[in-house]
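Remarks on the structure that follows.
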There are 2 protein chains.
Amino acid sequence: MAEPMYRQIADDLRRKIEAGELQRGGRLPTEIDLREQYDASRNTVRDAIKWLTTRGLVETRPGQGTFVTERITPFVTTLTGPPEGGDEDVYLAEVVASSRTPYTSDPRVEMQRATGNIARALHVEDGTHVVSRHQQRFIDGTPWSLQTSFYPMTLVNKGATELIQATSIEGGAVAYLAAQFGIKQVGYRDSIAVRVPNESETSFFKVPADGRVSVFEIYRVGFDEMGERFRLTVTVYPTDRNRLVINVGETPPVDVQDEPS
Amino acid sequence: MAEPMYRQIADDLRRKIEAGELQRGGRLPTEIDLREQYDASRNTVRDAIKWLTTRGLVETRPGQGTFVTERITPFVTTLTGPPEGGDEDVYLAEVVASSRTPYTSDPRVEMQRATGNIARALHVEDGTHVVSRHQQRFIDGTPWSLQTSFYPMTLVNKGATELIQATSIEGGAVAYLAAQFGIKQVGYRDSIAVRVPNESETSFFKVPADGRVSVFEIYRVGFDEMGERFRLTVTVYPTDRNRLVINVGETPPVDVQDEPS
DNA sequence: GGGTATTTGTCCGTATGTATT
DNA sequence: AAATACATACGGACAAATACC
């Protein structure tokens, strides 16, 4: 018995799913039925289902059954854009171009002390005062991303008071800082990691609480003309419904069939 | 009883881990000990451990025990580079710069027919003949990425016979095509997704077979001066040991403390 | 190398709770 | 309210991997 029984059951079910014997979105036999079908105990059948669940092949719904997961048509986010641009405008342009309806919540603004990653990314001392602006973004009503931007409090002291208003900044904060204070963004750097979502993220994105859907965590640091870091934006996207795109050099426009499936 | 018992146990253990009561890399009490400690059954304790395992907080080793996972110092891959550059040289430069030792296997070369994603990405008909070159890459002996490049067979017919040699191409395939055949890469596009690794990937990367560590899958399409797609490179990186970086505009060099942890 | 103790992995059966139809 | 289906929890038995003597 090289393979444990629950793995054999899982592999057989996976084969049936991939062969199309079990349709996308379709319901699997109940645990009791599978128990008889494979001559195993219900717990062993559940182990097999759990194995498939971890791999995102099926999902269970109490009272209803176990279902083959449907493929989500991914939303595409392009990370490369004009160096002087903020994130908001790029985001809006893309979403509108794909004829979807975006919605961004009003920001929750907080005064904080930068610690750990935040301080390191902004190149400030641990404990430095910063403004954080946190927003939720939706597309067609689906929760899409959580975004938090951090600005050194020194910008506010210099008069950039819009940063501490709990309303969206017309045209975006980056354009506001450029137009009003001459702080022009000449470049930015993104650092992309993948991690398990925390509790508030799972509840906002409505992903299963068992941590099998991970999230992209993107740190974007903006540089001004002196090479100083004047903002940090941390954006979190669920990996199950998002795809990131990067263009370098001369690239023709994306067309529909470019999307891998 | 809002929270199930196994969640309460898991939360308590997580708290102890995050508070430092259980050290990184340290061993948890045995399942039997935890069973007595929390006055639960061994299976319930195991459910709690499974919950923590899915979130990457602990890992189990048969015959040894359950351990708090250690943080892996991530390797950083910069996706933005010179538009005319291949991937190999950039990769080598980065690895050498961080004083690590890279190793790339000789390629496994196959003649294939492009289907599905491959055909779509190259903008060729389904079933078109292509050359695939598959390589394994290591850093300091650790498996780091799996890479497969696809080239239309028409390039070989035009004389680019190095593509079908099962040896590394000196200076990289992109430079070879530019120097010998005038096929200059003027830009490329990366499309980044996250998915669960398949069986050969879990075994190569030595990640747990239960699918809780996912992988980056990056499709890189190269464009020539006519805007045509002449190569596709698919690279897979485990997300637990890799971080991707993108630079746009003018960005100062990375320094050590930039690394989020 | 072999044997033994320890520890996690697999599998069973059963009972009860909770969500949905 | 009743039926259905998955979720939680218990206890027990044996297997497999590892460490240690």
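Here is how names work: the chains are called A, B, and so on, in the same order as the sequence lines, proteins then strands, and each is numbered from 1. What you see below is based on every heavy atom in this structure, not just the backbone, and it leaves out hydrogens, waters and symmetry mates.
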Which whole-number value in Å describes the distance from [X] [atom1] to [N] [atom2]?
X     : N     : atom1 : atom2 : result
B/W51 : D/dT8 : CH2   : C1'   : 16 Å
B/L34 : C/dT7 : CG    : P     : 11 Å
B/F67 : C/dT7 : CZ    : P     : 10 Å
A/I49 : D/dA7 : CD1   : P     : 8 Å

### Query
Between the two end axes of the helix from C/dG2-D/dC21 to C/dT21-D/dA2, each built from 5 base pairs, what angle do you get to the nearest 10°?
20°
Ion pair check, [X] and [Y], cut-off under 4.0 Å:
X     : Y     : value
B/R15 : B/E21 : yes
A/K50 : A/D47 : no
B/E70 : B/R24 : no
A/D12 : A/K16 : yes

### Task
For A/Q64 and for B/R42, find the nucleotide of DNA chain C with the closest heavy atom, then tell me which residue's nucleotide is more 5'.
B/R42
#### Entry: 5′-ward residue of the pair A/A40/B/E31 relative to DNA chain C
B/E31
### Query
Is it true that atom CZ of B/R113 has more than 12 heavy atoms of other residues, nucleotides or ligands lying nearer than 6.0 Å?
no
### Query
With a cut-off of 6.0 Å (strictly less than), are more than 12 heavy atoms of other residues, nucleotides or ligands near CD of B/E18?
yes
[X] vs [N]: side-chain N/O to OP1/OP2 distance below 4.0 Å:
X     : N     : answer
B/T44 : D/dA9 : no
A/R27 : D/dA5 : yes
B/T66 : C/dT8 : yes
A/R46 : D/dA5 : no

### Query
Tell me, which of residues 198-206 of chain A have any heavy atom that sits under 4.0 Å from an atom in DNA chain C?
none
### Message
Does the plane of the ring in A/Y237 sit parallel, tilted or perpendicular to the ring in A/F216? Use 30° and 60° as the thresholds.
### Response
perpendicular
### Task
Assign A/R35 to base, sugar-phosphate, or nothing according to its heavy-atom contacts below 4.0 angstrom with the strands shown.
nothing
### Query
With a distance cut-off below 6.0 Å to the six-membered ring centre and an angular limit of 45° from the axis, does A/R243 pair with A/F75 as a cation-pi contact?
no
### Task
Could you point out which residue of B/L146, B/D240, B/T142, B/V213 forms a side-chain contact (heavy atoms from CB on, under 4.5 Å) with B/F205?
B/L146
### Message
If you assign B/D47 and B/N43 each to the DNA chain D nucleotide with the nearest heavy atom, which residue ends up on the more 5' nucleotide?
### Response
B/D47
